[in-house]
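Handing you this structure, nothing more for now.
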Protein chains: 2
Amino acid sequence: MRQDDRDIMDSYGRESTPDIWKFLATVRRRFRLSEEEAGLLKDAMRETSVFAPGEYMVREGDRINYSSLILEGFACRCKDSPDGMRQIMEIQIPGDFVDLHSYPLEVLDHGICALSECRIVKFPHAEISRLIDESPRLARIMWFTTMVDASIHRQWIVNIGSRSGKARIAHLLCELYHRCKVVGLTTDHSYWLPLNQTQIGECLGFTQMHVNRMLRELREQGLVTLQSQKVKIHDWEGLSELAQFDPDYLYLTPRDG
Amino acid sequence: MRQDDRDIMDSYGRESTPDIWKFLATVRRRFRLSEEEAGLLKDAMRETSVFAPGEYMVREGDRINYSSLILEGFACRCKDSPDGMRQIMEIQIPGDFVDLHSYPLEVLDHGICALSECRIVKFPHAEISRLIDESPRLARIMWFTTMVDASIHRQWIVNIGSRSGKARIAHLLCELYHRCKVVGLTTDHSYWLPLNQTQIGECLGFTQMHVNRMLRELREQGLVTLQSQKVKIHDWEGLSELAQFDPDYLYLTPRDG
DNA sequence: CGAGGGGTTGACGTTGTTCAATGAGCGTGG
DNA sequence: CCACGCTCATTGAACAACGTCAACCCCTCG
């Protein structure tokens, strides 16, 4: 653990979970938050809760009065259709403010479903309003994070709408590698990805069988392998070129604004 | 013109264009704005400008210090890829705050291109900051409108990722009908749509030829016709059922928040 | 008159789905 | 211990959806 992580931990006491300290340290670095701003964020947090894989945190159409931040585990934004199909629209990883969208929207247009076991911490909307009043900079950062979700949605539209099968899967794996790297969830060029082939298909508009075939080709080309929920990227250059991957749309470089 | 439209016009003088009065009246109704709030909005507007069809207002990667609102004409959010392909990610119509995303994001991840001749009015980012300081309610409304864009993106991911060819086109035409209706741009069940078949294909991930075939089938089924930039919906029930269209994601009903 | 943009249509190849069968791993209960 | 059911991954063959290539039409504009 880095020194500035420990500083954050110490200033808010030992009652918090390690995930909360880690989140605060990461977000402080990324947005160059002052200690006071990090404190405001910390004060707005309420209870944590845990969801099992496949469990829905929020359903489409729900009107909720809090927003959740993922401390541990993976989740997704998705919509179910009456014929049993499901479309996943974004993968959410630890550190993501997963349904901040519900604060301005009030009623959510999509559900949020745990992919692995998932621990979250809740921010009541009333506390978010207070944060906005007390710190215009935090207000802007929250707006910013929701706009990054919109940017990711746009990239997914490009991905699904105009890339080949192999490139679509490659792009998804590149995106998640970059995002996991920022929150310290990669080692070398591999990371944990708790999605099965069916769920990858639900992200990309493919059947599970077709995902299987595309993954085999990527493996045979020596680009990437996916085994027992572990992604190993063997040829980053080749994979990102096939995917036409450019990480700018993730807005991951530290900001001053 | 309705009486409350005229009230807005009179309170801000005759120097504005009719589009600005009309916009202010529409947004006042939709968000139940007070006269004072509408006045703040009006004061944040600067020069208007006009773009020709095919002209880019903003390019991907631009860092701009204003956001534009469409007064007249259609535009789109899009990304160009090196091989000459283009993906359209959202259609923007009069009354849309088309690149408010650039205010929190600073650098835009996508371009904005005029589809027809387009007149816009600019809001400098400094004025937007002032609006946010002076009216938390306007701040929240601006955040809200950008989140509706995100919701539309999500619906497009569902559309492209999991619907059949005919249903995709049907859904696009249903969405635009609903959105045009709110800003008074429909008559009966028809509206102006300045997209050719190539551009419809760029929205949905199809070739122009395939769009042509799907449009023919929709026409032969008596659902909808598209001729010389005019959409005529002959069977709304049939079309919206084929598209599985549910307008909730557009968040068009008036809000009190 | 010709050029150019948009729409229309057909033949054919590629991509992805559907249906079906098989196997590997893993926890549970007899 | 093994049998059983379950989930997930794998593979093949037939089929449908969609792209590619090419030709042709209509209209407008210069």
Side-chain angles (χ1 to χ4, degrees), chain A residues 52-55 74 81 83-87 114-117 159-173 192-221 224-232 242, chain B residues 52-55 74 81 83-88 114-117 159-173 192-220 224-232 242:
Chain A
E55 202 176 347
F74 280 52
S81 62
D83 56 2
M85 301 271 291
R86 184 168 81 152
Q87 177 71 43
L115 291 167
S116 66
E117 184 171 289
N159 203 25
I160 299 177
S162 58
R163 273 194 258 266
S164 73
K166 263 192 294 186
R168 279 192 224 185
I169 296 189
H171 197 280
L172 177 64
L173 298 179
W192 176 52
L193 184 66
L195 301 191
N196 61 28
Q197 295 180 346
T198 303
Q199 291 161 334
I200 294 175
E202 287 170 342
C203 293
L204 302 173
F206 285 142
T207 58
Q208 176 266 324
M209 284 71 85
H210 196 60
V211 171
N212 184 288
R213 280 184 266 265
M214 296 296 102
L215 280 175
R216 173 158 54 104
E217 292 190 21
L218 289 170
R219 190 187 332 123
E220 285 168 356
Q221 285 183 34
V224 63
T225 54
L226 202 160
Q227 261 175 25
S228 52
Q229 304 197 332
K230 183 159 184 135
V231 177
K232 281 190 192 177
L242 169 64
Chain B
E55 201 176 349
F74 280 52
S81 62
D83 56 2
M85 302 271 291
R86 185 169 79 154
Q87 177 70 44
I88 295 178
L115 291 166
S116 66
E117 183 170 291
N159 202 27
I160 299 177
S162 58
R163 273 194 259 267
S164 73
K166 263 191 296 186
R168 281 194 224 183
I169 297 189
H171 197 279
L172 177 65
L173 298 179
W192 177 53
L193 183 66
L195 302 191
N196 61 29
Q197 295 179 345
T198 303
Q199 292 160 334
I200 293 175
E202 287 170 344
C203 294
L204 301 174
F206 286 142
T207 58
Q208 175 267 321
M209 284 72 87
H210 196 61
V211 171
N212 184 289
R213 281 185 267 263
M214 296 297 101
L215 281 175
R216 174 159 52 105
E217 292 190 22
L218 289 171
R219 192 188 329 124
E220 286 169 357
V224 62
T225 55
L226 202 162
Q227 262 177 23
S228 52
Q229 304 197 330
K230 183 158 187 136
V231 177
K232 280 190 192 175
L242 168 65

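Any value given below was found using the heavy atoms of this structure, including those in side chains, with hydrogens, waters and symmetry copies removed. It should be emphasised that the depicted structure is a prediction, and the values quoted were computed from it without experimental measurement.
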Q: State, yes or no, whether a side-chain contact exists between A:I200 and A:F206 at a heavy-atom distance under 4.5 Å.
A: no
Report, one pair per line, the protein and nucleotides 17-21 of chain C atoms (nitrogen or oxygen only) whose separation is under 3.5 Å.
{"residue": "C:dT17", "atom": "OP1", "partner": "A:G205", "partner atom": "O", "Å": "3.4"}
{"residue": "C:dT17", "atom": "OP1", "partner": "A:T207", "partner atom": "N", "Å": "3.3"}
{"residue": "C:dT17", "atom": "OP2", "partner": "A:T207", "partner atom": "N", "Å": "3.4"}
{"residue": "C:dT17", "atom": "OP2", "partner": "A:T207", "partner atom": "OG1", "Å": "3.1"}
{"residue": "C:dT18", "atom": "O4", "partner": "A:R213", "partner atom": "NH2", "Å": "3.3"}

Side-chain donor-acceptor distances from residues 208-220 of chain B under 3.5 Å, at least two apart:
{"residue": "B:Q208", "atom": "NE2", "partner": "B:Q197", "partner atom": "OE1", "Å": "2.9"}
{"residue": "B:N212", "atom": "ND2", "partner": "B:Q197", "partner atom": "OE1", "Å": "3.1"}
{"residue": "B:E217", "atom": "OE1", "partner": "B:K166", "partner atom": "NZ", "Å": "3.4"}

Q. Can you tell me how far the CG atom of A:L172 sits from the CG atom of A:L193, to the nearest 0.5 Å?
A. 7.0 Å
**Q.** Between D:dT20 (C1') and B:M85 (CE): distance, integer Å
**A.** 13 Å
Q | Spacing of CZ belonging to A:F74 relative to CD belonging to A:Q229, to within rounding of 0.5 Å | A | 10.0 Å
Q. When you look at A:L226 and A:L195, which way does the side chain to side chain contact (heavy atoms under 4.5 Å, CB included) test go after all the steps?
A. CA-CA 10 Å; A:L226 202 160; A:L195 301 191; over 6 Å; no
Q. How long is the gap from OG on B:S162 to CD on A:Q87, to the nearest 0.5 Å?
A. 5.0 Å
(Q) Quick check for you: to the nearest 0.5 Å, what is the distance between B:T198 atom OG1 and B:R86 atom CZ? (A) 9.5 Å
**Q.** Partner residues of A:T225 under the side-chain hydrogen bond (donor to acceptor under 3.5 Å, both in side chains) criterion, sequence neighbours left out
**A.** none
Q | Sugar-phosphate or base contact per nucleotide [nucleotides 23-30 of chain D; S, B, -; heavy atom under 4.0 Å] | A | --------
Q | Nearest-angstrom distance from the residue atom CG of B:L215 to C1' of C:dT9 | A | 14 Å
Identify all pairs in which a protein N or O lies below 3.5 Å from an N or O of nucleotides 6-9 of chain D, and state each distance.
{"residue": "D:dC8", "atom": "OP1", "partner": "A:N196", "partner atom": "ND2", "Å": "3.4"}
{"residue": "D:dA9", "atom": "OP2", "partner": "A:Q197", "partner atom": "N", "Å": "3.0"}

Q: Provide, to the nearest angstrom, the distance between the CE atom belonging to B:M214 and the P atom belonging to D:dA16.
A: 15 Å
**Q.** Integer-rounded Å distance: C:dG16 P and B:R163 CZ
**A.** 20 Å
Q) If you take all heavy atoms of A:A52 and A:A114, which pair is closest and at what distance? A) O-CB, 3.4 Å
Q: Kindly compute the distance separating CG (B:N159) from OG (B:S164), expressed to the nearest 0.5 Å.
A: 9.0 Å
Q) In whole Å, what is the span from the CD1 atom of A:I160 to the P atom of D:dC18? A) 15 Å
Q. Between the axis at one end of the helix from C:dC1-D:dG30 to C:dG30-D:dC1 and the axis at the other (five pairs apiece), what's the angle to 10 degrees?
A. 20°
Q: Could you state the atom-to-atom distance from CD of A:E217 to C1' of D:dT10 in whole Å?
A: 14 Å
Q.
Distance check needed: C:dG16 C1' versus A:L204 CG, whole Å only.
A. 13 Å
